[in-house]
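Remarks on the structure that follows.
Chain A is the first sequence line, chain B the second, and so forth, proteins listed ahead of strands; every chain is numbered from 1.
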Amino acid sequence: MWSAYLNGDSGLIHAPTGTGKTYAAWLGPLMEWVRDNPPPYDSVKRKNSEPLRVLWITPLRALAADTAAALTAPILDLNLPWSVETRTGDTSMTVRNRQRSRLPSALITTPESLSLLLTRPDCADLFKSLRAVIVDEWHELMASKRGVQVELGLARLRRFAPGLRVWGLSATIGNLDTALHVLMGEGGQGKLIRAHVPKQIQIDTLIPAQIERFPWVGHIGLKLLPDVIREIDQHQSVLIFTNTRAQTETWYQAILDARPEFAGVIALHHSSLEPEVRHWVENALKAGQLRCVVCTASLDLGVDFAPVERVFQIGSPKGIARLLQRAGRSGHRPGVASRITCVPAHAFELVEVAAVRDAAAHGEIEARPPLDRPLDVLVQHLVTVALGGGFESAELYVEVRTTHAFRDLMPREWDWCLQFVVSGGEALSNYPQYQRVIQRDGRYVAEDTFLARWHRLSIGTITSDPMLLVQYLRGPKIGYIDEAFVARLKSGDKFTLAGKVLQFVRLREMKVWVRRAKNGKGIVPRWTGGLLPISELLTDAIRVKLDEARTGKFDSPEMLAVKPILDLQDRLSYLPAAHELLIEQLTTREGHHLFLYPFEGRIVHEGLGSLLAHRLSRRAPITFTIAANDYGLELLATDPLDLQAALAEGLLSTEHLQQDILSSLNATEMAKRQFRELARVSGLVIERFPGGQKSSKQMQASSGLIYDVLAKYDPDNLLLEQAQREVLQRQLESSRLFRALGRLHPANIVLRQIARPTPFGFPLMVERLRQTVSSETLEDRIRKMQLSLEKWADEHG
DNA sequence: GACCTGCTGCGGGATG
């Protein structure tokens, strides 16, 4: 039945989460199609007279190689006159040179490398015989700028090869219809083919034996280490997912300390390890040589290893889809459900797990919203197309508007982008490097070879903070750590990386030189990475679980386990219903605390914190310290405040929300930081040169400088506007904040004066201390808090 | 009694 899909239609195939599905779903039909559609064969040259017929786009280089191998085998078997090649960053120069004049019958590539192909002056010719495009892991690409890059590329290919069929493959997401629509482009039609095999997934939890002794706060989760070790003892292959790189290092070390005999059969995997180290782990995992691997999301996708026996998730699952994806790494045997066991790092995560399981059982799964009009990506694309044969404005405008991302692109915006690549805009017109495109005989083209090279170097939409390579004095590279972390190291300091204790020797040539530490423990590096937000569906589900607990419904082992703590919360304060907002007021020697628990995720709470501080201080001059976590926020003031009056005056009103948020935060500074990505993507600055790297500071300075120049001399620059939009959407999740405030109607507010911190509030107090003091003093402070709590308990029996 | 955080992904090509 699958082969029918390639004959005439386009569409999206939903393949439920789990590795291997991609090839199962596609190889068969693709092979049939390949067999039934032999390319015209040139017997003299012994080659296809029509080159490229199938283009396969994948988000990962590793998948490109695997796919090529999987395609090649049956083609050799059938002895078909087809060639299969990859074109990614690591494709050899020999192959790449061959591909300059002639593409293979099937090409497997990444979005970035597709764009690079589109910069070739003869690309119209290269792609004119293309019959089908397959976009693998479309759900991964869609909601990002990489997805928009694919959309623009597909629009190009549809023009070069009219009648082109486009098929996507997507795991389960909440908006498959949208995913289809975005892939097909505006006006395009396609079929959505949903898999009908319901996947059985079991989610359970390691329940702490004594909830009274279980932490209320913290994220590392080592409290349950013995229970995890017991599981490793009983199984042949175990995968342990964590939420951060540091957590991976910590857990690896802790397991090895407890079971030294595991040395050699336990490994770790995260993005800051040297690729060679990662490949070693991946291959050993494939070969079944490892008993246990501790990893981050770096093993979520990509590596096609055999399913493991047991999968664990340490700490918050953060999202429903994410946990299901990870569960899918286990138990693929027929009739056996995939299973994941959550290991809570603190008590409240028990509620999270119960919430995820309920949401998953109701078929709820996060949607991935596509982006709207990222002009930086369009600017990059314009230069790409100018290099790739040039364009005529009206024609390309129509083509670009066939993409979902730019379907509503106004002529005014189009003209601005065009003008921007031609002149550099109002402020930058004196700099020749920003005059990238010229007009010749009514067409827009790019000819300068230096600018062409510059552009090819800056293709892509992924930006990352630069890190420093860590290498043995006499030996191999190990991995990467943050500049900020290195700055704190003195010669002789020990730290861990890739599970090894290393001794810092010196920093030279932008490399961190180390030797193996003879003994002792090293500090675990802190990487400043992305802030992984808890999903909106999950926070919704958490509020439902609390609501149930309030009415006495404890329907799972997790909820039963956490009951004593929820009871304590209720006794000391209140357990809010799903539609209620609990606000606690507490006075201590520190000052006047205000705790709010919207359960909307950290980002929203941070925004809400500054919004409320801003609005409160407008009533009367007062300063606050703000702390937030995924469940709530704390405002600490030195002076008392009249909360009732403030609420009556619209403290939580949605009126002037955007204005108030922007003026409550250092919005300019945030936009400036966000602009860094836009400057990179739109080609205003370049962050890497082959051979020598430009340091982060220079990069930072130049994008910051450009921001200032634009803000002063070209304030209408649309990229500035976009930077502000991206800050609101990504760094503040403003739509979620808006929705939250809509829910937090004054009528639903429950105000409680409390005498001591509650289970909800205590973690926020710790969080605030963490922000303001060093780690040593933090320990002291927490001890003091403890003592005062004990004293309070003594005094009050 | 409660403790320190922060994911993933890509990418150049002349000449001999």
Side-chain angles (χ1 to χ4, degrees), chain A residues 58-64 88-94 96-97 100 109-116 119 137 140-141 144-147 149 210-223 241-248 250 270-272 295-302 315-316 318-319 322 345-347 449 452-464 482 523-533 565 602 629 680 686-691 757 759 762-763 765-767 769-783 785-787 789-790 793:
Chain A
T58 164
L60 296 176
R61 275 200 307 238
L63 281 176
T88 64
D90 52 8
T91 298
S92 80
M93 218 48 234
T94 324
R96 213 179 279 201
N97 278 336
R100 286 188 74 76
T109 188
T110 57
E112 289 77 10
S113 284
L114 171 59
S115 284
L116 283 163
T119 64
E137 310 276 4
E140 277 294 320
L141 290 168
S144 68
K145 288 185 181 179
R146 293 185 87 196
Q149 195 177 5
Q210 278 180 295
I211 194 73
E212 297 76 16
R213 295 274 174 108
F214 202 64
W216 293 0
V217 57
H219 79 284
I220 296 285
L222 283 176
K223 257 285 194 315
F241 281 107
T242 66
N243 288 335
T244 73
R245 286 165 280 185
Q247 200 174 14
T248 298
T250 308
H270 60 71
S271 67
S272 291
C295 62
T296 59
S298 58
L299 281 186
D300 270 351
L301 275 185
S316 169
K318 299 280 184 181
R322 179 176 147 100
H346 60 73
T449 50
R453 181 150 186 253
W454 172 285
H455 178 70
R456 281 192 289 266
L457 279 167
S458 59
I459 273 181
T461 60
I462 299 170
T463 54
S464 40
D482 275 14
I523 45 172
V524 177
R526 286 161 55 171
W527 285 272
T528 49
L531 189 148
L532 189 72
I565 290 171
R602 181 184 210 112
N629 62 20
R680 231 289 274 141
I686 196 158
E687 72 182 356
R688 88 205 136 89
F689 282 100
F762 186 83
M765 297 180 79
V766 173
E767 174 67 32
L769 288 176
R770 192 170 70 72
Q771 290 168 7
T772 49
V773 299
S774 73
S775 52
E776 293 86 346
T777 28
L778 179 61
E779 217 168 315
D780 285 350
R781 294 289 290 275
I782 291 170
R783 203 163 294 134
M785 283 164 71
Q786 249 167 261
L787 285 175
L789 276 182
E790 280 160 19

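Contact check for A:Thr242 versus A:Thr250: no side-chain heavy atoms found under the 4.5 Å cut-off.
Among the protein residues, A:Leu141 comes within range of no part of the nucleic acid, since none of its heavy atoms lies under 4.0 Å from any strand. Within 4.0 Å (heavy atoms only), A:Asn97 reaches at least one base atom of the nucleic acid. Residue A:His346 is out of contact with every strand shown, counting any heavy-atom pair closer than 4.0 Å. A:Arg213 comes within 4.0 angstrom of nothing in the nucleic acid, heavy atoms only. Within the nucleic acid shown, A:Ile462 comes within 4.0 Å of at least one base atom, counting heavy atoms only. Within the 4.0 angstrom heavy-atom criterion, base atoms lie near A:Ser464. Using a 4.0 Å heavy-atom cutoff across all strands shown, A:Gly460 reaches no nucleic acid atom at all.
Taking 4.0 angstrom as the limit, A:Thr528 places none of its side-chain polar atoms (N or O) nearer than this to OP1 or OP2 of B:dG6. Taking only side-chain nitrogens and oxygens, A:Arg245 comes nearer than 4.0 Å to OP1 or OP2 of B:dC7. Of the side-chain N and O atoms in A:Ser298, none sit less than 4.0 angstrom from OP1 or OP2 of B:dC7. Using a 4.0 Å cut-off, some side-chain N or O of A:Arg456 falls inside it from OP1 or OP2 of B:dG13. Side-chain N/O atoms of A:Ser144 include none lying less than 4.0 angstrom from OP1 or OP2 on B:dG9. Phosphate contact (OP1/OP2 of B:dG12, side-chain N/O of A:Arg96, threshold under 4.0 Å): present. For A:Arg680 and B:dG11, the shortest distance from a side-chain N or O to OP1 or OP2 is not below 4.0 Å. OP1 or OP2 of B:dC10 has not a single side-chain nitrogen or oxygen of A:Thr88 nearer than 4.0 Å. Proximity of A:His219 to the phosphate of B:dG6: no side-chain N or O atom is located under 4.0 Å from OP1 or OP2.
In the model, A:Ser271 has no side-chain atom that pairs as donor or acceptor with a side-chain atom of A:Ser298 under 3.5 Å. A:Arg245 and A:Ser272 form a side-chain donor-acceptor contact under 3.5 Å, judged by distance and modelled atom types alone.
Distances from the side chain of A:Ala297 to the nucleotides B:dC10, B:dT8, B:dG1 place B:dT8 closest. Side-chain proximity of A:Leu116 to the nucleotides B:dC7, B:dC10, B:dG12 is greatest for B:dG12. The side chain of A:Trp216 sits closest to B:dG1 out of B:dG1, B:dG9, B:dG6.
Residue-to-nucleotide contacts include a donor-acceptor pair under 3.5 Å from the side chain of A:Arg602 to the base of B:dG6.
At distances below 3.5 Å, not a single donor-acceptor pair connects side-chain atoms of A:Arg146 with backbone N or O atoms of A:Gly460. Looking only at distances, no side-chain donor or acceptor of A:Arg602 sits under 3.5 Å from a matching main-chain atom of A:Leu532.
Here A:Phe762 lies parallel enough and close enough to stack on the base of B:dA2, with planes under 30° and ring centres under 5.5 Å apart.
In this structure A:His455 satisfies the side-chain hydrogen bond (donor to acceptor under 3.5 Å, both in side chains) test together with A:Thr384, sequence neighbours excluded. With sequence neighbours left out, the side-chain hydrogen bond (donor to acceptor under 3.5 Å, both in side chains) criterion links A:Ser113 to A:Arg87, A:Thr110.
We find that CG of A:Leu769 is positioned 14 Å from P of B:dA2, with the value rounded to whole Å. B:dC10 atom P lies 6 Å from atom CG of A:Leu60, rounded to whole Å. What separates CG of A:Leu457 from P of B:dG13 is a distance of 8 Å, to the nearest Å. For the pair A:Phe241 CZ and B:dT8 C1', the interatomic distance rounds to 12 Å; values are reported in whole Å. In this entry the distance linking CG of A:Leu532 with P of B:dG9 reads 14 Å, nearest Å. Regarding A:Arg61, its CZ atom lies at a distance of 8 Å from the C1' atom of B:dG11, rounded to whole Å. Regarding A:His270, its NE2 atom lies at a distance of 13 Å from the C1' atom of B:dT8, rounded to whole Å. Put simply, CD on A:Glu767 is 12 Å from P on B:dG6, counting in whole angstrom units.
Map A:Glu140 and A:Phe214 each onto its nearest nucleotide of DNA chain B; the residue landing nearer the 5' end is A:Phe214. Comparing A:Arg100 and A:Pro59 by the nucleotide of DNA chain B whose heavy atom lies nearest to each, the residue mapping closer to the 5' end is A:Pro59.
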